[in-house]
J.: 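So that we are looking at the same thing, I have put the structure below in structure tokens.
For ligands, and for the atoms within them, numbers begin at 1 and follow the listed sequence.
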Amino acid sequence: MKKRILTGITTTGTPHIGNYIGAIRPAIEMTKDSDESFFFLADYHSIIKNQDSDSIKNSVKNVALAWLSSGLDPNKSYFYKQSDVPEIIELCWILNCVTAKGLMNRAHAYKAATSINENDPDKGITMGLFSYPVLMAADILMFDSTHVPVGSDQVQHLEMTRDIAARFNHLYKPILTLPDPIIQDKENVVPGLDGRKMSKSYGNVIPLLESEKILKKSVMKIVTNSLEPGEPKDSSDCTIFSLFKNFVDDSEMKSIQKAYDEGIAWGEAKEMLFNSINDELEPIRLKFEELKEDNDYINDLLSDGAKKARDIAKDKIFQIKEAIGITKIS
Ligand code: TRP
């Protein structure tokens, strides 16, 4: 069977280097040994928690640019906006009709949202949030994806996708493909400036697409202990050291370890880290600067991507509708 990878990128905010290391770079790398790859901007997912239309619009652009600038080749992958493939939403409804409500009650994201409510557990909870995993299942099953790269927080959604697909296949006809997750952050949690996981919600991110100057300023803000230059530094549980690992090879890591043992000054370690990160990000930044002025180019590229994706989706939704009895009268 063909190996078809697919992953969705929720369009909130502007990608940071945690997204780059954890999702963008490995996904692009993975396209090299897959028969086909699908990357899409999950804009319908992004409206679940964000009702600010300007911020949605900006995010879609920035996220698209981040992927393209980082080396995603739209000629070798399917790259599209979820909202440009309406068959996904048709499938979402069909799947809603075979998904047990009890299954959705167990979703982590929904449970986390209800658990902070005191009197009314459903306060502030929309049907969108509740049935989010069904939309994700539709994204995946629409294209017979075999492998889905995701963060560990999404593994439960993949299990739900498999459950939903199996239920459909049992009720109707075995035409949906059960996907396998590829867990991307298994061993590698990228630390942010304060040492906690890099995340926009912690305000500890290092930007991907900002100028060299801002990048440097950000790296210089990494929190360290107060050991003086000349005092040996412990590389375990060190934010700078963990970040280095994502940008340099093993032999360079050895000399960095040696510098730690010999008591490198934190300022110098940060300077070196900045240079390593900057070497990799410079071409990405240049590409971003070049593309960001050209909205027509991005719009055309996405609409081409959607056209190609829809060719597949239309076929599939036809089969699915036939299986459930929504078809020509005969
Ligand atoms: N929910 C995913 C996230 O927040 C994004 C996403 C939407 C996705 N649809 C998908 C990921 C389908 C993989 C496959 O990260």
J.: With heavy atoms of Gln154 as the reference, note each atom of ligand 1 found under 4.0 Å away.
T.: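 Every atom of ligand 1 under 4.0 Å from some heavy atom of Gln154: 1 (N), 2 (C), 3 (C), 4 (O), 15 (O).
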J.: Of the protein's non-hydrogen atoms, which lies at the shortest distance from atom 5 (C) of ligand 1, and what is that distance?
T.: Thr10 OG1, 3.4 Å
J.: Going by the order shown, which atoms of ligand 1 are within less than 4.0 Å of some heavy atom of Tyr132?
T.: 1 (N), 2 (C), 3 (C), 4 (O)
J.: Can you tell which of Thr11, Asn19, Ile9, Ile140 gets a heavy atom nearest to atom 14 (C) of ligand 1?
T.: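 The nearest heavy atom belongs to Ile140.
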J.: Give the residue, atom name and distance (to 0.1 Å) of the protein heavy atom nearest atom 13 (C) of ligand 1.
T.: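 Answer for atom 13 (C) of ligand 1: Gly8 N, 3.4 Å.
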J.: Report, in ascending order of atom number, the atoms of ligand 1 lying under 4.0 Å from any heavy atom of Val148.
T.: 13 (C), 14 (C)
J.: Between Lys123 and Asp120, is the closest basic N to carboxylate O distance under 4.0 Å?
T.: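 Looking at Asp120 and Lys123, the cut-off is not met.
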J.: Numbering the atoms of ligand 1 from 1, which are under 4.0 Å from a heavy atom of Val150?
T.: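 Near Val150, meaning under 4.0 Å from one of its heavy atoms, ligand 1 has 13 (C).
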J.: Looking at Asp84 and Arg310, does any basic side-chain N land under 4.0 Å from a carboxylate oxygen?
T.: no
J.: Aromatic ring centroids of Phe79 and Trp67 under 6.0 Å?
T.: no
J.: Among all protein heavy atoms, pick the one closest to atom 9 (N) of ligand 1 and tell me residue, atom and distance.
T.: Asp139 OD2, 2.7 Å
J.: Do Tyr260 and Phe241 make the cut of ring centroids closer than 6.0 angstrom?
T.: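 Between Tyr260 and Phe241, the centre distance is under 6.0 Å.
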J.: Before we go on, tell me: are the rings of Phe244 and Phe274 under 6.0 Å apart, centre to centre?
T.: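 No.
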J.: Within a distance under 4.0 Å of any heavy atom of His45, pick out the atoms of ligand 1 and give their elements.
T.: 7 (C), 9 (N)
J.: Centroid separation under 6.0 Å, is that true for the rings of Tyr110 and Phe130?
T.: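 Yes, the ring centres sit under 6.0 Å apart.
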J.: Less than 4.5 Å apart, any side-chain heavy atom of Met104 and any of Tyr132?
T.: no
J.: Any idea which atoms of ligand 1 are less than 4.0 Å away from a heavy-atom of Phe40?
T.: 9 (N), 10 (C), 12 (C)
